[in-house]
Amino acid sequence: MLKPPEHQVAGHQARDGRLGPLVDGSGLFYKPLQSDDRGANELNFYTSFSSEPRIATRIRSFFPGFHGTQLLSASDGSGLHPHLVLDDLFAGLRLPSVIDLKIGSRTWFPSAPEDYFRKCLAKDRKSTSALLGFRISGLQVNDEDCRWRPSHDEVRRFNAKDVCRILRRFVSSDPASDREPNCAFASAVYGGAEGVLAQLLELKAWFEEQTLFHFYSASVLVAYDKDGSEDGRCPNRARVRLVDFAHVLDGNGVIDHNFLGGLCSLIKFISNILNDPTLSLI
Ligand SMILES: O=P(O)(O)O[C@@H]1[C@@H](OP(=O)(O)O)[C@H](OP(=O)(O)O)[C@H](O)[C@H](OP(=O)(O)O)[C@H]1OP(=O)(O)O
Ligand SMILES: Nc1ncnc2c1ncn2[C@@H]1O[C@H](COP(=O)(O)OP(=O)(O)O)[C@@H](O)[C@H]1O
């Protein structure tokens, strides 16, 4: 049976009669095609990305697998609606901690309509996007006996200092506490040959040369599960993925400086935590 995803931390949600994504519990995530050009644009991205021979397999693994579209009963009760059929990025994780980081100092795309441009610009300036090159769009941190999930309003108010602290709290064993984050899982999640930093650096290397796409308003999604070992000290390999391609444009042979800049900034934050978990960047 289809139901709203339990671990969705940002974006349009299938709650209170609204249109949002659904999951089937067996590994698939159904994202409704959005109105305006967004749905068509996102479908267009997945279609061209899937058939693009110049993308290495390793880079493909950062993106949700795409399995076409399907007409499904929409979560807002409006009847049959086309949905993108994607891999559920949290499949197999029992208690995932998840953070959605919207990358880029500007979320508006060239040629955006005036009202959309103004709305994005205001959000970019008010949030940490303009200052840091990325912002937190939502998160949850799961521990065996508690879940910390700041409200949408709290997330919108995060300033640069908060972002620094939240990235440490995300890998702490006492997420709901107001005490200084202990960063107990920093090296297991952010560090190591397969950790978040290594994966972000791999993505960065691709963005330093890829000129196929420009990713406006897309997010890096980081997820890990403390359930990876008995004492929770050695979590499963963290997953770094890209999502939200409603505003991806043709790169026209030009580097995506906006995304690359944001990615470099995020990498700097994560590196600093690994170098000294007690130190704040700001
Ligand atoms: O509807 P809102 O005001 O919550 O804004 C949405 C954003 O939520 P947030 O900035 O977190 O409040 C939302 O951001 P998140 O995906 O939640 O990070 C999107 O920016 C969305 O725009 P689009 O579908 O990508 O064009 C935004 O949707 P639109 O307003 O552009 O439809
Ligand atoms: N393929 C996926 N599998 C699991 N969760 C996903 C997937 N894609 C998105 N999500 C969840 O949904 C949220 C919003 O996704 P996004 O594509 O940004 O939607 P929107 O276009 O409504 O902003 C993400 O933060 C994440 O929590």
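Note that ligands are numbered from 1 as they come in the structure, with each ligand's atoms numbered from 1 the same way. Predicted, not measured: the structure shown is a model, and the values here were computed from it.
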Tell me the contacting part of Val243 for ligand 2: side chain, backbone, both, or neither, using a 4.0 Å heavy-atom threshold, strictly below.
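Looking at Val243 and ligand 2, just side chain atoms fall under 4.0 Å.
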
Please classify the Gln34 to ligand 2 contact at 4.0 Å (heavy-atom distances, strictly less than): side chain, backbone, both or neither.
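Gln34 to ligand 2: side-chain contact only, backbone stays beyond 4.0 Å.
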
Between the side chains of Glu154 and Arg149, is the shortest nitrogen-to-carboxylate-oxygen separation below 4.0 Å, so that they form an ion pair?
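Salt bridge between Arg149 and Glu154, a charged N being under 4.0 Å from a carboxylate O: no.
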
Less than 4.0 Å between a side-chain N and a carboxylate O, is that true for Arg135 and Asp124?
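Result for this pair is yes, salt bridge flagged.
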
At less than 4.0 angstrom from any non-hydrogen atom of [X], what atoms of ligand 2 do you find?
X      : result
Asp100 : 24 (C), 25 (O)
His12  : 20 (P), 22 (O)
Asp88  : 3 (N), 4 (C)
Leu221 : 25 (O), 26 (C)

If you measure from [atom] to every heavy atom of [options], which option wins on shortest distance?
atom                    : options                     : result
atom 16 (P) of ligand 2 : Lys102, Lys31, Gln13        : Lys31
atom 1 (N) of ligand 2  : Val9, Asp87, Leu139, Asp244 : Asp87
atom 14 (C) of ligand 2 : Ala218, Ala10, Gly39        : Ala10

Kindly determine whether Lys102 and Thr107 satisfy side chain to side chain donor-acceptor pair (under 3.5 Å), including the steps that lead there.
CA-CA 8 Å; Lys102 196 183 279 274; Thr107 54; over 6 Å; no

Which ILVMFWY residues are connected to Met1, directly or by a chain of links, through side-chain heavy atoms under 4.5 Å apart?
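Reading the cluster by chain and number, Met1 sits alone, since nothing else belongs.
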
Ring-face cation contact, Phe66 with Arg60, 6.0 Å cut, 45° max:
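The answer is no; the distance or angle limit is not met.
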
Under 6.0 Å between the ring centres of Phe117 and Phe109?
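No - the distance between ring centres of Phe117 and Phe109 does not fall below the 6.0 Å cut-off.
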
Mutual orientation of the aromatic rings belonging to Phe213 and Phe49 [parallel < 30°, tilted 30-60°, perpendicular > 60°]
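Correct class here is tilted.
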
